[in-house]
S.K.: 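First, the structure itself, so that you have it in front of you.
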Amino acid sequence: QVQLVESGGGLVRAGDSLTISCAATGRTFSDHVVAWFRQASGPERDFVAAVNWNVPRTNYVDSVKGRFAIFTDVAKNRVGLRMDNLKPEDTAVYYCAAVPQQAYAYRPVNSDEYDYWGQGTKVTVSS
């Protein structure tokens with residue numbers, strides 16, 4: 001079973017950059033899809049970005065394209081999310097999620113399709 005631990009959240013100003021990380025314990029991320037979701041308010045967690053660990057393909061929600069980059073760190077068995085040009089509307093609790101790879105290069109965008117979740121890290125962007 002994969003256990004996920006996020007880190008790196010904090011308070012930044014609009015236009016700043018921040019990188020958050022998701023580390024896996026219990027096993028490696030090999031053969032998994034890893035994604036970032038965020039929850040600003042209410043019960044829903046919204047998709048942000050995902051990556052196939054074995055085949056490093058990615059996808060992003062439109063609102064973060066060109067500003068966020070999801071990346072893998074094989075040596076440290078972690079997935080990062082670099083966030084540039086942050087906006088107040090990016091304020092949320094960011095969650096890391098993982099699921100065993102299904103179809104080749106398939107990257108789910110629905111939270112229901114992910115099996116493992118971290119505890120979240122809060123990112124606050126002031127205007």
Side-chain angles (χ1 to χ4, degrees):
Q1 183 167 347
V2 179
Q3 295 177 322
L4 307 179
V5 179
E6 301 98 333
S7 61
L11 172 64
V12 297
R13 295 182 177 180
D16 284 352
S17 297
L18 188 69
T19 297
I20 55 178
S21 294
C22 174
T25 62
R27 63 155 294 159
T28 70
F29 276 131
S30 181
D31 299 321
H32 282 69
V33 178
V34 184
W36 286 97
F37 287 78
R38 61 187 179 186
Q39 185 173 12
S41 61
E44 297 298 323
R45 294 181 180 180
D46 299 321
F47 174 80
V48 177
V51 62
N52 306 99
W53 182 265
N54 289 19
V55 183
R57 296 185 180 180
T58 61
N59 60 316
Y60 300 88
V61 66
D62 285 348
S63 61
V64 307
K65 285 181 180 178
R67 299 190 299 121
F68 289 14
I70 188 170
F71 62 92
T72 60
D73 184 340
V74 176
K76 296 183 178 180
N77 195 39
R78 67 178 182 179
V79 172
L81 183 69
R82 177 174 172 84
M83 304 179 288
D84 294 325
N85 190 23
L86 281 160
K87 303 176 181 181
E89 51 264 41
D90 295 318
T91 294
V93 177
Y94 284 72
Y95 293 92
C96 176
V99 64
Q101 182 73 56
Q102 302 298 316
Y104 179 78
Y106 175 61
R107 295 176 298 280
V109 298
N110 295 316
S111 60
D112 291 347
E113 296 187 62
Y114 286 85
D115 295 335
Y116 308 110
W117 291 85
Q119 82 290 348
T121 186
K122 186 168 179 61
V123 174
T124 303
V125 185
S126 64
S127 58

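The model shown is predicted, which means the values in this text are computed figures rather than measured ones.
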S.K.: Please check if the number of heavy atoms outside Arg13 that lie under 6.0 Å from its CZ is greater than 12.
M.R.: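 No, because the 6.0 Å sphere around CZ of Arg13 holds 12 heavy atoms or fewer from other groups.
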S.K.: Answer yes or no: is there a donor N or O on one side and an acceptor on the other, between the side chain of Tyr60 and the main chain of Arg67, under 3.5 Å?
M.R.: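 Pair absent, no side-chain N/O of Tyr60 close to backbone of Arg67.
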S.K.: May I have the list of side-chain donor-acceptor pairs in residues 120-127 shorter than 3.5 Å, sequence neighbours left out?
M.R.:
residue	atom	partner	partner atom	Å
Thr121	OG1	Gly9	N	3.0
Ser126	OG	Val12	O	3.3

S.K.: Is there a side-chain contact between Val61 and Phe68 in this structure, where contact means two heavy atoms from C-beta onward sitting under 4.5 Å apart?
M.R.: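 They are not in contact (no side-chain heavy atoms under 4.5 Å apart), so the answer is no.
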S.K.: Look at the rings of Phe47 and Phe37 and say which category their plane angle falls in: under 30° parallel, 30 to 60° tilted, over 60° perpendicular.
M.R.: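 Aromatic pair Phe47/Phe37 classed perpendicular.
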S.K.: Side chains of Val55 and Tyr104, heavy atoms from C-beta outward: is any pair under 4.5 Å?
M.R.: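 In short, these two side chains touch, coming nearer than 4.5 Å.
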S.K.: Could you grab the distance from atom CZ of Arg45 to atom CG of Asp112, nearest 0.5 Å is fine?
M.R.: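 The CZ atom of Arg45 sits 11.0 Å away from the CG atom of Asp112.
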S.K.: Would you mind telling me which of Thr28, Val33, Val74 makes a side-chain contact (heavy atoms from CB on, under 4.5 Å) with Trp53?
M.R.: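 For Trp53, the side-chain contact (heavy atoms from CB on, under 4.5 Å) test succeeds with only one of Thr28, Val33, Val74, which is Val74.
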S.K.: Between Lys87 and Asp90, does any side-chain N to carboxylate O distance fall below 4.0 Å?
M.R.: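 No, this pair does not count.
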S.K.: Determine the interplanar angle of the Tyr95 and Trp117 rings, folded into 0 to 90°, and report it as parallel if under 30°, tilted if 30 to 60°, perpendicular if over 60°.
M.R.: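 The rings of Tyr95 and Trp117 stand perpendicular, inter-plane angle above 60°.
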S.K.: Report the distance from atom OG1 of Thr91 to atom CZ of Arg38, rounding to the nearest 0.5 Å.
M.R.: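 Here the interatomic distance stands at 9.0 Å.
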S.K.: Among residues two or more places apart or on two chains, list those pairs meeting disulfide bond (SG atoms under 2.5 Å apart) that have a residue in residues 84-127.
M.R.: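 For residues 84-127: Cys22-Cys96.
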S.K.: I need the full list of side chain to side chain donor-acceptor pair (under 3.5 Å) pairs touching residues 73-82, with sequence neighbours left out, sorted by first then second residue.
M.R.: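 Every side chain to side chain donor-acceptor pair (under 3.5 Å) pair that includes a residue of residues 73-82, provided the two are not neighbours, is Asp73-Arg78, Arg82-Asp84.
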S.K.: Between Gln119 (side chain only) and Val5 (backbone N and O only), is there a donor and an acceptor less than 3.5 Å apart?
M.R.: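 No, because the side chain of Gln119 does not come within donor-acceptor range (under 3.5 Å) of the backbone of Val5.
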S.K.: Looking at Asp115 and Ala98, would you say the former's side chain and the latter's main chain have a donor-acceptor pair under 3.5 Å?
M.R.: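 Such a contact is absent between Asp115 side chain and Ala98 backbone.
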